Amino acid sequence: MKKGLIFLMILAVFAVVFTGCKKEEAKVVEKEATTSNLGASLALETEVMNLKAADGQALIKIGGTVRKVPARPADPSALPETDPLHWWDMEFAGEITNKTNIPESPADGAIGKKVIMIVHGDHPWTTACTNGAQKVAGVYGMDLKIQSPNWDLAVQNQMIDQAINENPDMILLIPLDAKTAPQQARKINKAGVPLILFNTLPDAAAMDYAITWTGPDDFGQFRKLARLWADELGGKGGVAYVQHAPGGSPYFARCFGPVSELAQYAPGIKVLDMQAPGFEADKTMQLVSDWLTRFGDDLKGICAADDSAQSLGIFEALKKAGREDVVVIAAGNSKVGMDLVREGKLHAITYQTAEGDGALAVKTAADWFNGKEIEPIRNLPQHMITIDDVEDFYPPQW
Amino acid sequence: MNSNDIGIALSMQGVSKRFPGTLAVDNVDFDVRAGEVHALIGENGAGKSTLMKIIAGSFNDYTGKIFIGSRETELHSPVHSKKNGIEMIYQELSLALPLSISENVLVGRLPKKGIFLDKEKIYKETKRCLKMVGMEHLDPDIEIEEISQHESQLVEIGKALGNNPCILVMDEPTSALSREEVERLFEIIRSLKKRGLAIIYISHHLPEIFEIADRVTVMRDGKKIDTRDIGSVTSEELVQMMVGQTVKDFYHHESHAQSEQRLRVENLSRYGFFHNVSFEAYKGEVLGICGLSGAGRSELARVLVGLDDRNGGRVFLDDKEIKPKNMAHALKEGIAYLTENRKTEGLALRLNVKENILAGIIPELVYRGVYHEADGFPKMNELIDELSIYPPDPERIVGNLSGGNQQKVLLAKWMACDPKVLILDEPTRGVDIGAKMTIHESIEQLAKNGSTIILISSDLPELVSLSNRVLIMRQGHLIHEMEHSGCSEESVLLAANGEGIC
Amino acid sequence: MLNKPNSKKSLLVAIDRNRIFILFTIVFLFMALFAPRFFNVFNLTTIMRTSAMNATVAIGFTVILIIGQLDLSIGTIITFTAIIGLGLKEYIGFGGSIPVAIIAGGLIGLINGLLVAKAKINSFIVTLGMMTALQGAIYTFTGGNSVSLSTPDAFAVSDWLALMIFPLVTPRVIITLVLIAASAIFMKRTRIGRNFYMVGGNRQTAWLAGIDTDKYTIAAFIMSGVTAGIGGVLFAMESAAATLNMGNSSLMYVISAAIIGGTAMSGGKGGIFKTFVAILMLDVLYNGIILFGLGNEVKIFIAGIILASVVLYEAYVSYKHEKVIGQRPELMKELEVQNQA
Amino acid sequence: MEGTEVLEKKQQNSPGDDIRTTNYNILGKIFHGAGIYAVAALFLVAGIILQALGVINNFLTAQNMLNIVDAVSMLGIVAVGMAFVTYSGHYADMSVPTTMALTGIIAVQMLQYGFFPAIAAAVAAGLLIGLINAVAIGKFKANPIIWTLAVNYVTLGVIRLVWVNKQIYPDMIAKSQWASDVFDNIYRFRFFNKIGLPVVYMIILVILLNFIMKKTKFGQQLKITGAARKASEFSGVNVERVIGLSFVICALTATLGGLTVTSLSRVGAYYNGAGYDFKAVTAIVIGGMTLAGGRGSIIGVLGGVLIIGLMNNIMTLLGVGTFSQDMIRGIIFIVVVGINAKSLRTLGRDDA
């Protein structure tokens, strides 16, 4: 009985294998004759630049501050963590690259191009990001397909395979992890599919295989934020860092960015502690309460990697302790974070446009299709949101 | 193995085993000869099971000497015992339900060909073992959970026999078997005896011992009392040795039956289990139900208390029709059921005596939504005294009590409920004689107080002496009813086997 | 006495026992016929490779379930071993780091096993504690940084692992298949393998039959640690990097697959090959869902529904089965006769 | 039952079929009597000593103690409810995280109709999940862990299908400022500016649920059901209802937990409540409740919850990193449970 069943099933599978293989052969890849007008595509540029994000800000702001790239020290990891150059490899990944096998731009316009975007996982941020991407793709009439592996590396690898299998004109990828990016990029590169990485800063090795990387300059932003913070603190006092969840550049950028910056800019500021309680308000609250017990009035400032759950936890703890003098900064742009800025609680947050992140990636892809020169790294504009201009960023993107 | 030598197969000298706080086996000398059945009897807690577990290799810290043949051996693990040709058949099923018959039968010794299992040999070997117990029609590849309980019991015996033991220990092997199967088992034992096996046979059932044993050893309180040839001893003497005092005749009974009808069952059916059963029971009556295992006795009880759904028929309690949906409902109506599976269905072994006794009357102890446990204490203490549960400590964990005392706790639980109808399913199975007497007295007391007792039992003397009337069930049908005056053990047995009645 | 099952019933039993093969066939056929770009060598290879890690990990996990225990720590063992396997490469080469990583997995399994078998703590608790402790250890020792190969030959191994030898077959897949075949045969066809089933089916019987149940329990946990280690290291080598939570999704995945494949939580039942087919089935399903352009939410929902239906189905079957245990066939026949009359 | 037999056979000091006096040892006695509070006192003393040595400061202050209680209050709310599931012998309810997420997100969504409809809808959703678990596990005896895991998946799928990864904000959805404010204060309101509402919820729940577990018919029947389901059924306990009710209680406290978490984080999203399943089990088991069921108490679970808080507090005050804290917590967890199991065994009460 059992054997018969198995036999039947194997038979069925084989039957399908044969019919299926035939079908596949019969399918002639009809690549549309790409007659799309390069001119028409270029003409859409102004329309794209006029797009607005949900918060009323311009969706794409190219030409943010050009950052200065210092010379790479011989061995960055030998330097102390408080030295900005210690983080050179992470902060300036992609500035020195050895581009290999990058496909030539067809220079035939972006209209009608098939683009697959693979993000890192589902999150409201991701939703906003893909919304931004859709807006730009809509204007160009691109066929944009978005996939999300739900933070699972094996699934992202599978999606990359599947994307390659679809033979698209471009793949846009948010690598799940900086260190796994090289292998993923290399695979796409080997398959001959143009690739743009965005958002998560990958290892430098990944940049070799991608046309470019677009996204926020986390280190740069936080260096700026740190200066604002130090000014408010008066250049002295103890501070503590609530870190990002480990496993990516934000974990370092949003903590050691300010740490190394302040080591130069405001050496009077002392680092009391740094901890990663995860993105949970109650855990962060407990942590900060314990800090307040431990450090008491020595604690003058807190820097958080997240402006929603973590910040809420921080302010609950501060409220309980009756402390209003602690200066808190965070990475930002969520509704909760901006509300806190508006209430005068958060001193400053970074402008971390989610829609702009996705939009910039698609825009860069379009530029490439249009035959434009693409710089090795395209950063999102940097801006610090404070109570003075927070109203400009309403309604929030996510 | 030297199975043909008629001599001492196993002997123990000065064997003791101590559990924290008690000496379970106290300096026991014991021997069994090849080619004999040596019965080991004693009350629960007398130490016979511990003694047998020592032989089976369950303990590695006993003291004393054990000889196999004439060679001194240490039986410190089941492997040691097996190597010495000792096999044990346990009272409770010890088969792995999700595994196949062959794997259970050949556990630990599955034949191999090279590094892999030899399927053909497994099949043949299993068949051979099954044949020894007359179960060769079973497919060795089906799982234990697919076969019935008494089939499993026989499979278990086959499993032990299949190892070709020199010494076979049987701990109440007949408790789950029907009369026919017991007969078959005895036949097997006799043939094994002829082949020179030494068999140690533990049982509470004295008639069985007189039927099958050659010698008998009595244990009490961890000590050996005496070893006798079966021909030189009477059952009264044995009982006296076991209990340590002369016992009054424990099979006597007065009728307390009243004329008022308590329970009337009309055409009750559960398809596939029993069909169209009708009977009535009166106040103060002990109504016996007899039948072989699988006759539908327990199933009938389960339907009466709502544990199973019925397919047809009506039940009247005090002329009011009742349809219990579950046991809770049945209890509210006044019917209680003491199950035959004490350990799995009867008691919460991990809880204490108090919680077990009060389990049935929790709803009664609730006033204004609050559970008042202490209100149940007088009744509980009374029951502990009445049933002489030992130790009389309500905080004692039930699982640590002896079998007899566990059974008393179970009975106490139902007596606390004070039901109108109490169904007792094998109330004295695996219980020592002292406890048995206490339980019988309590049953009588209950009847005297006007409760109706439905007594389901395979213990024929018990059934015959306690019951006012006996109903005979056979293969799912109620086939006969006997008055107390007209029934004897023999007549009941014949009836249950479908003989002697038209 | 014996109620010989009639042919109709035995067909049902056969279907029930082989339900995972049937499920797989249905899902596979459905995807092959309807999912775009599903049925080609490239995509099928992708499926095989995706399933490789979880399939490897599931070997040990299935043995754990067969022996009637649970191992919640496999996810963190995967991550832990992956990090060791790659992290130590710089110092001792793959020849040293891979064995060390796998041994580390086995050691964690050994600790789990000792705590379960010797200290007699419930495996759910032991492995839950181990999961927490190990996650902390991973973060502490890496300092929050993922590990990757920085040497120029970084991709050599991963390229080799992904080398297409034959359609659908890469060295990585071969390793997985060999492991599965070897362990499936081991569990099914050797005495030691069957003893695992016996320990899970009834500990007492096994112990009385001279099977050292503690040893088998510990062995099962070691096996789980080792296979999780192998799975983790291979996956990390193929990705040329080890991230700090790469194993986290495996636990739920492997539990679901084992249960859908017919392995029971109560022990003594199931098989490695069935779990493997269940993993393949889930992967085919997920692959197809992505190809249809449906999102994660659909995947989660469908996976949940499948798992829920399997659990409910099994519960319902045993619920029904309980009701007819001990039913007498001759009485049922009698009933039929009555009804006809 | 078979498992018990095995344990008996394998421990040399196990009960045989003999009557024996139980052998108490000191460790077991302490554990039996004071339960987890002995351990809690140990931590407290350790903290005081460390403070006296000057290693940490401000440990023994009212504010710090309040902080500890405050920090674990939400865990406490969830754990005392889930304790009923453990007590009933069904390990844990793995569907708690998404129950929290679902009820939270539904409450936020329904805030447009006002505060009370929102709460009612959330409770209804929680009740529904509880009832689904109750039927599958109580009636059909589905494996509790796998079943609740599956329910967790399905619920997560539903949230994602309906709300598509969005997070929704109470203050944007509520039509009236009042509803939004009240919702915000589910977590934030403080009595005397000190004692937060979650602490109050937790204390009320502990008192109420402890009363239910120890002093009602349901609680007593649950104990017997947890210790021996079949025997309980044969003792006239409606086990299906009793087990079902324990899952419903768990789902309802998870609902309260979900509302509190949502109120705290000011968003309704699918990830609210993640991790609460294992956290709650940890607290329950540390609190002396055995997975075998029928043993332990709500007060003990509260002790388990407080221990987790104390542990975190002391470690943070010592400056131990979050990651090392995880490591230490895992080890302490196993050790505490191991001691508890061993003491139960030496007391002659088998454990599992």
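For clarity, every value in this text was computed on a predicted model and none was experimentally measured. Here is the naming used below: chain letters follow the sequence lines, and residue numbers restart at 1 for every chain.
- For a residue to count as touching a neighbouring chain, one of its non-hydrogen atoms must lie under 4.5 Å from one of that chain's; by this rule Ile259(C) touches chain D with the side chain only.
- Taking CZ from Phe140(D) and CD from Glu314(C), the interatomic distance works out to 14.5 Å, rounded to the nearest 0.5 Å.
- The minimum heavy-atom distance between Ala136(D) and Leu312(C), with the atom names listed, is CB-CD1, 3.9 Å.
- Leu65(C) contributes atom CG, which lies 7.5 Å from atom CD1 of Ile146(D) (distance to the nearest 0.5 angstrom).
- Separating the CD1 atom in Ile121(C) from the CG atom in Leu291(D) is a distance of 11.0 Å, to the nearest 0.5 Å.
- Looking at Ser309(C), neither its backbone nor its side chain comes within 4.5 Å of chain D, counting heavy atoms on both sides.
- With a 6.0 Å radius and a threshold of 12 heavy atoms from other residues, nucleotides or ligands, Tyr316(C) has its OH atom at or below the threshold.
- In this structure, the portion of Phe333(D) lying under 4.5 Å from any heavy atom of chain C is its side chain and not its backbone.
- Closest of all the heavy-atom pairs between Phe124(C) and Ala92(D) is CZ-CB, 4.5 Å.
- Leu128(C) CG to Thr282(D) OG1: the interatomic distance, rounded to the nearest 0.5 Å, is 4.5 Å.
- Counting heavy-atom neighbours within 6.0 Å of Arg241(D) CZ, excluding the residue itself, gives a total of 12 or less.
- Ile306(C) does not touch chain D: none of its heavy atoms, backbone or side chain, sits under 4.5 Å away.
- Highest contact tally toward chain C, considering only Asn152(D), Ile328(D), Ile332(D), Val281(D), is held by Val281(D) [criterion: heavy-atom pairs under 4.5 Å].
- With a 4.5 angstrom heavy-atom cutoff, Val158(D) touches chain C via backbone and side-chain atoms both.
- With respect to chain C, the highest number of heavy-atom pairs below 4.5 Å among Ile145(D), Thr322(D), Val154(D) belongs to Val154(D).
- Contacts of residues 129-141 of chain C with chain D at a heavy-atom distance below 4.5 Å involve Gly129(C), Met130(C), Met131(C), Thr132(C), Ala133(C), Gly136(C), Ala137(C), Tyr139(C), Thr140(C), listed in sequence order.
- Considering only residues two or more places apart in sequence or on other chains, Ala264(C) meets the side-chain contact (heavy atoms from CB on, under 4.5 Å) condition with Ser266(C), Lys269(C).
- Atom OH of Tyr91(D) is separated from atom CD1 of Ile125(C) by 8.0 Å, given to the nearest 0.5 angstrom.
- For Tyr270(D), no part lies near chain C; criterion is any non-hydrogen pair under 4.5 Å.
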